[in-house]
Amino acid sequence: MSKFIPYGRQDISDEDIDAVVRILKSDFITQGPEVGNFEESLSRYCEARHCSVVNSATSGLHIACLALGLGEGDYLWTVPNSFVASSNCGLYCGAKVDFVDIDPKTFNLCTDSLEEKLKEAKKNNKLPKVVIPVHFGGLSCDMDTISRLSKEYGFSIIEDASHAVGGEYKGKKVGSCQYSDMTIFSFHPVKIVTSGEGGAVLTNSDELHKRLELFRSHGVTRRKDLLKDNQQANFYYEQLELGLNYRLTDFQSALGASQLKRLDEFIGKRNVIAKKYHERLDRRLQTQTVGGDSLSAYHLFVILLPKEMTDRRDEIFTYMRERQIGVNVHYIPIHTQPYYQEFGFKWGDFPIAEDYYKRTLSIPMFSSLSDEEQSFVIEKINGALG
Ligand SMILES: *Cc1c(COP(=O)(O)O)cnc(C)c1O
């Protein structure tokens, strides 16, 4: 097998292509009817009251923080085991960022560490305004506990579900916002469904939705119910906030809506692939523990080398790459990035996320991965361990 097998890739059908072409030939290629259609499909799928699509999950995280009024003097907490966007959104707003270590079995936010840190923060008057749990690899965090703690300690919750569209938690779709204020999805091509670049913010709150819509588009509105002066002519608009241009285009929305029709099929295939990995991979490898209350969307399939092989991670990475298998590493802990070290974070601050990082590899996981390709991947990994 000589073809390169990436760790993740998009799955675009002729129907997806036709959907985009149809919009490109129409009168509106940016703000036409497809934006609203995509939003409606997403909120119906997740059973959330509102959805605002944006040009990336990064933008979605930013306006979610703005909608909550996050600013200077506030704290935002998230996990080190994520993409930098999960914490950068706090910095965009002038807030301070801190981290909560992960659970060594689920690789998600550890709720015991969260509770401990909250108790300490309460004493020092440094409680967070916002906590961002990240559903790593497509597996929901323990939202029940995080939600209970949010009521006790008075913080808001933004779920970073960039990996988890199509996943389920306690019988509800991720994105239902039953345990949070807002949920963010990413539609980057390596994620589960794609719109090229793109993202979404879901919420059940009318007030947050109104603010999200403003921040997404310059802080400007024509909605009569929002205008300070609503006695004006039809052309009239007002700027009410300092917003941005984070809009998604119509042809991207058409692609996203078309992809969404196959979301359940994608999740099904990803779970079949995960099952085969679980059955056939060397028993010494640790994988993410998925509880019975969750359906993982399996954006990623990560393997953790046994502790005694920690030193061999880079060698195995290279071995796999040389065999045209596009393994990857998710994630280098955010707090160890040079930019974050400037704030005083250092190696040793979040030992579980750091130990996880040193032993982790993401192996190919995408809906069109063939059975033959997967067998090749398994054979090479098991062989590499020796
Ligand atoms: C991909 C990703 C993002 C950013 O998504 P974009 O759509 O590329 O902006 C944010 N958080 C997590 C956890 C991600 O994996």
Side-chain angles (χ1 to χ4, degrees), residues 6-10 38 42 51-66 76-93 97 99-100 102 106-109 130-141 143 146 157-167 174-175 180 182-202 212 215-216 244-249 252-253 255-256 259-260 270 288 296-302 328-335 337 339-340 353 356-357 360 362 365-366:
Y7 83 87
R9 66 159 299 166
Q10 70 278 14
F38 188 26
L42 276 166
C51 173
S52 304
V53 292
V54 282
N55 57 7
S56 71
T58 305
S59 307
L61 286 161
H62 186 191
I63 62 170
C65 289
L66 290 171
L76 176 148
W77 292 2
T78 186
V79 281
N81 183 33
S82 188
F83 186 55
V84 294
S86 304
S87 54
N88 284 346
C89 55
L91 302 180
Y92 297 154
C93 298
V97 166
F99 301 92
V100 180
I102 59 168
T106 63
F107 316 148
N108 271 335
L109 183 142
V130 175
V131 173
I132 304 190
V134 179
H135 303 324
F136 181 79
L139 173 66
S140 175
C141 293
M143 293 309 298
I146 299 169
I157 303 172
I158 302 170
E159 294 174 70
D160 184 344
S162 293
H163 299 184
V165 67
V174 170
S180 65
M182 286 171 276
T183 302
I184 314 295
F185 291 138
S186 171
F187 306 127
H188 183 279
V190 296
K191 307 290 164 72
I192 294 177
V193 287
T194 190
S195 60
E197 297 281 358
V201 188
L202 291 99
L212 289 166
F215 284 117
R216 175 174 64 173
L244 302 119
N245 178 355
Y246 281 169
R247 297 184 307 249
L248 192 68
T249 65
Q252 288 175 298
S253 300
L255 176 56
Q259 285 257 296
L260 202 59
R270 285 172 180 272
Q288 192 174 22
S296 176
Y298 277 114
H299 160 55
L300 297 175
F301 195 92
V302 299
N328 220 316
V329 169
H330 298 94
Y331 287 97
I332 302 171
I334 300 174
H335 70 281
Q337 293 293 345
Y339 192 82
Y340 278 83
Y356 160 87
Y357 157 65
T360 195
S362 303
M365 169 54 89
F366 49 94

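Atoms within each ligand, like the ligands themselves, are counted from 1 in listed order. In this text, all values refer to a predicted model and were calculated from it rather than measured experimentally. Residues: numbered from 1 along the sequence shown.
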Enquirer: Within the 4.5 Å heavy-atom criterion, are Ile157 and Met143 side-chain neighbours or not?
Expert: yes
Enquirer: Taking side chain as C-beta onward, heavy atoms only, is Arg247 less than 4.5 Å from Val54?
Expert: no
Enquirer: Distance only, no hydrogens: is a donor on one side chain within 3.5 Å (strictly under) of an acceptor on the other, for Ser86 and Asp160?
Expert: yes
Enquirer: Residues around ligand 1, heavy atom under 4.0 Å from any ligand atom, sorted by chain and number. Can you pull those?
Expert: Ser56, Ala57, Thr58, Ser82, Phe83, Ala85, Ser86, Val134, Asp160, Ser162, His163, Ser186, Lys191, Gly198, Tyr331
Enquirer: Enumerate, atom names and distances included, each donor-acceptor pair closer than 3.5 Å involving a side-chain atom of residues 191-199, sequence neighbours excluded.
Expert:
| from | atom 1 | to | atom 2 | distance (Å) |
| --- | --- | --- | --- | --- |
| Thr194 | OG1 | Phe187 | O | 2.7 |
| Thr194 | OG1 | Gly196 | N | 3.0 |
| Thr194 | OG1 | Gly196 | O | 3.3 |
| Ser195 | OG | Glu197 | O | 2.9 |

Enquirer: Restricting to non-hydrogen atoms, name the atom on Val165 and the atom on Ala297 that form the minimum distance, rounded to 0.1 Å.
Expert: O-CB, 3.5 Å
Enquirer: Please find out if less than 6.0 Å separates the ring center of Tyr7 from that of His330.
Expert: yes
